[in-house]
Amino acid sequence: MSENKSLQTTLVHTGYRAPEGFSALPMAVHHASTVVFDNVAAMRNRRWHGKGGYTYGLHGTPTTFTLEGRLAEIEGARHCVLTSSGLSALALVNFAFLKAGDHVLIPDNAYNPNRELGAWMSRDFGIAVDYYDPLIGVGIGALIRDNTRLIWTEAPGSISMEVPDIPAICQVARQRGVLTAIDNTWSAGLAFRAFEHGVDIVMQALTKYQSGGSDVLMGAVITRDQRLIEKLEYAHMRLGHGVSVEDAYLVLRSLSSLKLRFDAHDKSARKIAHWLQARPEIAKVLHPALPDCPGHETWKRDFTGAGGLFSVLFDKAYAEAQTDRFVDSLKLFKIGYSWGGAHSLCVPYRMPEIRKTWNEEGILVRFNIGLEEADDLIADILQALQQLNS
Ligand SMILES: Cc1ncc(COP(=O)(O)O)c(C=O)c1O
């Protein structure tokens with residue numbers, strides 16, 4: 001290029017190179033849609049898949065490749081792709097492995113938008129969907145058909161908290177040649193080692209613990225299997241998934257404190273769950289580490305922790321207007337969806353509207369225990385309980 005470039009061209013072609021010899025602990029944030037090549041041959045030889053090189057921002061930058069590598073490592077896997085939300089990660093798995101004429105099994109307590117996705121696939125894409133009892137265990141075998149391609153699991157269900165027997169489900173699925181996928185968000189990949197229990201595909205909503213700040217939406221799909229990652233990468237490309245590198249950086253920045261935060265959420269949540277267990281207003285505490293929670297024995301066998309999310313069932317004597325007043329009266333707990341951030345949250349659910357089968361009595365209220373002092377949260381719950389009868 002001539003030395004007499006116009007100012008406009010000079011503004012575009014900065015000649016920037018990363019400083020030689022500059023090493024710092026944080027990962028650099030590499031922004032790019034376009035990636036440039038030294039020559040045409042280099043462009044033609046470079047492949048977008050397999051993470052062997054950089055071709056276009058949508059297929060990865062050093063920042064997103066680093067995050068994918070770290071997430072795979074945390075789960076004890078080899079491959080990972082990032083998506084724009086936890087829900088888009090669920091959808092990616094469905095569209096990578098299912099086609100018209102196939103059958104998929106989804107637990108009846110699954111994250112509700114995954115059920116909604118199931119209803120859409122069944123209505124508009126010719127994919128048969130059945131919802132199964134999350135505590136089915138080896139009984140899943142009776143639901144597997146010749147065209148069953150995928151079994152979703154969620155451990156535990158993030159509202160009703162049943163802990164499924166994942167090893168049993170995976171063993172039957174493997175014998176019958178069916179893929180298994182888990183929404184492993186509740187345990188952040190820390191408290192449940194999904195691949196060691198036989199799962200083929202892990203999905204994470206990084207929006208929760210991995211980001212930890214209630215400020216990022218992102219998902220990940222993780223696997224050990226080369227064949228599966230190839231299908232996932234192609235579906236990822238065809239659907240045009242991409243994430244902001246700024247968001248990827250925020251997650252990378254939070255990962256070093258992931259386990260410390262998770263353990264702190266866990267400690268406070270168990271203290272509060274035990275306290276609630278003794279309250280006369282509460283019929284059941286649905287916390288996997290407590291015996292009232294369906295699947296508690298499975299949790300004891302397979303999990304090493306619990307994080308901050310659990311639910312309670314109020315005594316059936318309380319009507320919805322009263323439990324709504326309880327939630328409205330909380331001061332430290334905010335009313336809002338999601339979890340894994342520093343702030344405690346609380347949401348009441350209308351279970352019969354989101355479950356095919358729901359036999360429990362009493363209103364279900366879910367708590368996300370944040371990083372506030374547990375005793376302050378207990379005091380907040382106590383004053384709100386006192387409003388139940390006001
Ligand atoms: C269990 C579970 N899976 C997946 C998701 C979806 O994550 P996102 O909000 O990032 O779409 C959520 C969100 O609440 C969730 O609770």
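Only this structure's heavy atoms are used, side chains among them; waters, hydrogens and symmetry mates stay out. Counting convention: from 1, in listed order, for ligands and their atoms alike. Residues take their numbers from the sequence shown, with the count starting at 1.
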Which of parallel (below 30°), tilted (30 to 60°) and perpendicular (above 60°) describes H287 and F310? tilted
Got a donor-acceptor contact below 3.5 angstrom from the T61 side chain to the G57 backbone? no
Which atoms of ligand 1 sit under 4.0 Å from any heavy atom of E154? 1 (C)
Do L206 and L87 land in one hydrophobic cluster if side-chain heavy atoms of ILVMFWY residues count as linked below 4.5 Å? no
Please work out which of the three classes, parallel, tilted or perpendicular, describes the rings of Y318 and F314, given edges at 30° and 60°. perpendicular
With atoms numbered from 1 as shown, which atoms in ligand 1 lie under 4.0 angstrom from a non-hydrogen atom of T207? 8 (P), 10 (O)
Can you list the ligand 1 atoms lying under 4.0 Å from a non-hydrogen atom of W339? 1 (C), 16 (O)
Using the six-membered ring wherever Trp is involved, compare the ring planes of H49 and Y234 and label them parallel, tilted or perpendicular (cut-offs 30° and 60°). tilted
For ligand 1, which atoms, with element, lie under 4.0 Å from some heavy atom of D183? 1 (C), 2 (C), 3 (N), 4 (C)
For the residue pair R78 and I229, establish whether any side-chain heavy-atom pair is separated by less than 4.5 Å. no
Which is it for W186 and ligand 1 at heavy atoms under 4.0 Å: side chain, backbone, both or neither? neither
Near G86 (heavy-atom distance under 4.0 Å), the atoms of ligand 1 are 6 (C), 7 (O), 8 (P), 10 (O), 11 (O)
For K208, the ligand 1 atoms with a heavy-atom partner under 4.0 Å come out as 9 (O), 12 (C), 13 (C), 14 (O), 15 (C), 16 (O)
Atom indices of ligand 1, in the order listed, that fall short of 4.0 Å to a heavy atom of L87: 6 (C), 7 (O), 8 (P), 11 (O)
Would you call the rings of F367 and F326 parallel, tilted or perpendicular if under 30° counts as parallel and over 60° as perpendicular? perpendicular
Heavy-atom distances under 4.0 Å decide this one: backbone, side chain, both or neither, for S158 against ligand 1? side chain
